[in-house]
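Per chain, numbering begins at 1; letters A, B, ... match sequence-line order.
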Amino acid sequence: MIDIKFLRENPDIVKENIKKKFQDHKLVLVDEVIDLDKKNREAMRHGDELRNERKTLSNEVGNLMKNGKKDEAESIKAKVQEINAELEKNEALENQYAEEIKARMMKIPNIMDASVPIGKDDSENVENEKFGEPLVPTYEIPYHADIIESLSGLDKESAGRTSGNGFYYLMGDVARLHSAMIAYARDFMINKGFTYCVPPFMIRSDVVNGVMSFEELEAMMYKIEGEDLYLIGTSEHSMIGKFKGQIVKEEELPICLTSYSPCFRKEVGSHGLEERGLYRVHQFEKEEMIVICKAEDAMDWYNKMWSYTVEFFRSLDVPVRTLECCSGDLADLKVKSCDVEAWSPRQQKYFEVGSCSTLGDAQARRLSIRAKGEKGNYLVSTLNNTVVASPRGLIAVLENNYQEDGSVLIPEVLRPYMGGLEKMTPKK
RNA sequence: GGAGAUUUACCCAAGUGGUUGAAGGGGACGGUUUGCUAAACCGUUAGGGUUUCGUAAGGGGCCGCGAGGGUUCAAAUCCCUCAAUCUCCGCCA
């Protein structure tokens, strides 16, 4: 959500930005908003006048009553009732304009950073940089679910019975490795100076509506029956929601938090669930990082944040690359975003394990998150990024550390979390 | 889950229908006094959103007493719904 003042003063920039995102059908929204905004301000001014008049006259009624001039008071009362009738009509108009403006503002995309590459869709995303040598082993790497099964680490059949498709039981050492990664990610971020946080795993509808659109909500969120609660799809929801309507002190910035949570997703979107694997599932666990900072520091943090994820995966001997979201693939709320992708030696290609975004002040405007500074209050910038999500991160580690004999080496940094175990070997 | 109490500014707190344009403390800040500090005294300290006038400095208007509705000529004050906090009971890891 961009600033309506900015739109008022720079309609051409807003339109140019829409064109760069190949959303030409939204161009008309800009002029509509300008027109509605004008009408709305007119209505507001009229309403203010009426309210002012009512206040003055009501006070007069009080004075007249005190002095026993009942008849005069009655005639003024009648006058105020007329004003109220008009005010009611006018307020309906004010509300209508405000709603129509908001509906359009929600659809107008955030102004992208100048560095975002122009492209129509995800096929035109741009590889920024590779980290680590993408190894092509001389032996075949099995499908990740088969690796996990060979290590007696997976039971999808039982999960199917208890919960249905998209769920899984992780078992034994593999389950432990999964938890080890999350725990290591937590400590990794704490060492970067982030504050660790375990947030609520359910949030109310007003928070959900603040962090995502209705369409996204329908596609992702599980609702608790009979309660005003949703299971979170990522801890970003509760972590950013934490600051909804708040004014933080400038000296507290930047706020750097790292949070653990399970994540629940309906995944009713285009891709759907995978039959066998653990790549796309209804439930996973994630270590997340969020930063709330001043606008001028946002780009520095953005670069630091994705590089933390790169560093994290490199410490697990997983080759990665960063893939920048092109204009057409960039979500409307974001200023700039890139995915961190891990190398899959089986598929000989990279796959997404994390996503780093800077949203400028758009999210803060929507949720009203401000900082109190010397020159007054201002909207903060918000950023979020994945440290690691598992099982997806688990897949990357298993494939990249798979040995010819079917065993899997445990990356050194994870061994302390595995009771010193160095290697997982198939039972048979 | 049940019963009761509470929610006003940085903190405490007065305020049950009409100069509340929100009292009074505390704290903070500024000043006087002072060799310095403290004390005392004086002063300042209600924000936030938005709109409008003005080149600007600045001045108006509207909203704002947990949130949202309602009653009324008029709401911090009366009514309803919701949320949070505290106490007790129940239940439970």
If we take the [atom1] atom in both [N] and [M], what is their distance in whole Å?
{"N": "rG27(B)", "M": "rA13(B)", "atom1": "C1'", "result": "14 Å"}
{"N": "rU7(B)", "M": "rC79(B)", "atom1": "P", "result": "14 Å"}
{"N": "rU77(B)", "M": "rU71(B)", "atom1": "P", "result": "14 Å"}
{"N": "rC80(B)", "M": "rA3(B)", "atom1": "P", "result": "15 Å"}
{"N": "rU8(B)", "M": "rG68(B)", "atom1": "P", "result": "16 Å"}
{"N": "rG21(B)", "M": "rA75(B)", "atom1": "C1'", "result": "16 Å"}
{"N": "rG18(B)", "M": "rC78(B)", "atom1": "C1'", "result": "15 Å"}
{"N": "rG58(B)", "M": "rA76(B)", "atom1": "C1'", "result": "31 Å"}

Length of the line joining [X]:[atom1] and [N]:[atom2], which is rounded to integer Å:
{"X": "K70(A)", "N": "rG18(B)", "atom1": "NZ", "atom2": "P", "answer": "17 Å"}
{"X": "K38(A)", "N": "rU51(B)", "atom1": "NZ", "atom2": "P", "answer": "15 Å"}
{"X": "I369(A)", "N": "rG48(B)", "atom1": "CD1", "atom2": "C1'", "answer": "16 Å"}
{"X": "L57(A)", "N": "rU72(B)", "atom1": "CG", "atom2": "P", "answer": "18 Å"}
{"X": "R54(A)", "N": "rU72(B)", "atom1": "CZ", "atom2": "P", "answer": "12 Å"}
{"X": "N59(A)", "N": "rG17(B)", "atom1": "CG", "atom2": "C1'", "answer": "12 Å"}
{"X": "E91(A)", "N": "rC62(B)", "atom1": "CD", "atom2": "P", "answer": "14 Å"}
{"X": "K69(A)", "N": "rC73(B)", "atom1": "NZ", "atom2": "P", "answer": "22 Å"}

Nucleotide opposite [N] in a Watson-Crick or G-U pair, distances under 3.5 Å:
{"N": "rG17(B)", "answer": "none"}
{"N": "rG30(B)", "answer": "rC42(B)"}
{"N": "rC92(B)", "answer": "none"}
{"N": "rG4(B)", "answer": "rC86(B)"}
{"N": "rA67(B)", "answer": "rU81(B)"}
{"N": "rC62(B)", "answer": "rG49(B)"}

query: Under the ring-ring contact (aromatic ring centres under 6.0 Å, His included) criterion, do F188(A) and F312(A) qualify, and how do the steps go?
result: CA-CA 8 Å; F188(A) 182 91; F312(A) 175 84; 5.5 Å; yes
Between [options], which nucleotide gets closest to the side-chain atoms of [X]?
{"X": "M65(A)", "options": "rA84(B), rG18(B), rC62(B)", "result": "rG18(B)"}
{"X": "R45(A)", "options": "rU51(B), rC62(B), rG18(B)", "result": "rU51(B)"}
{"X": "R41(A)", "options": "rU52(B), rU50(B), rC73(B)", "result": "rU52(B)"}
{"X": "M44(A)", "options": "rC73(B), rU50(B), rC62(B)", "result": "rU50(B)"}
{"X": "K77(A)", "options": "rU51(B), rA84(B), rC73(B)", "result": "rC73(B)"}
{"X": "R370(A)", "options": "rC73(B), rG49(B), rA84(B)", "result": "rG49(B)"}
{"X": "R8(A)", "options": "rG49(B), rU51(B), rC73(B)", "result": "rU51(B)"}

Below the 4.0 Å mark, does [N] have OP1 or OP2 next to a side-chain nitrogen or oxygen of [X]?
{"X": "K55(A)", "N": "rC63(B)", "result": "yes"}
{"X": "N52(A)", "N": "rG61(B)", "result": "no"}
{"X": "N84(A)", "N": "rA74(B)", "result": "yes"}

- prompt: With a 4.0 Å cut-off, would you call E91(A) and R51(A) a salt bridge?
  reply: yes
Identified side-chain contact (heavy atoms from CB on, under 4.5 Å) counterpart of L64(A) within the set K77(A), E74(A), E72(A): E72(A)
Does one side chain, of [X] or [Y], offer a donor that lies under 3.5 Å from an acceptor on the other?
{"X": "H282(A)", "Y": "Y222(A)", "answer": "yes"}
{"X": "N384(A)", "Y": "Q363(A)", "answer": "no"}
{"X": "S235(A)", "Y": "E288(A)", "answer": "no"}
{"X": "D113(A)", "Y": "Y302(A)", "answer": "no"}
{"X": "T386(A)", "Y": "K286(A)", "answer": "no"}

statement: Walking RNA chain B from its 5' end, the first of E49(A) and I76(A) to be reached, judged by nearest nucleotide, is E49(A)
- request: Select from R51(A) and I247(A) the residue whose nearest nucleotide in RNA chain B is closer to the 5' end of that strand.
  value: I247(A)
task: With heavy atoms under 4.0 Å as the rule, sort K79(A) into base, sugar-phosphate or nothing.
output: nothing
message: Over all strands shown, is D228(A) touching base, sugar-phosphate only, or nothing at heavy-atom distances under 4.0 angstrom?
response: nothing
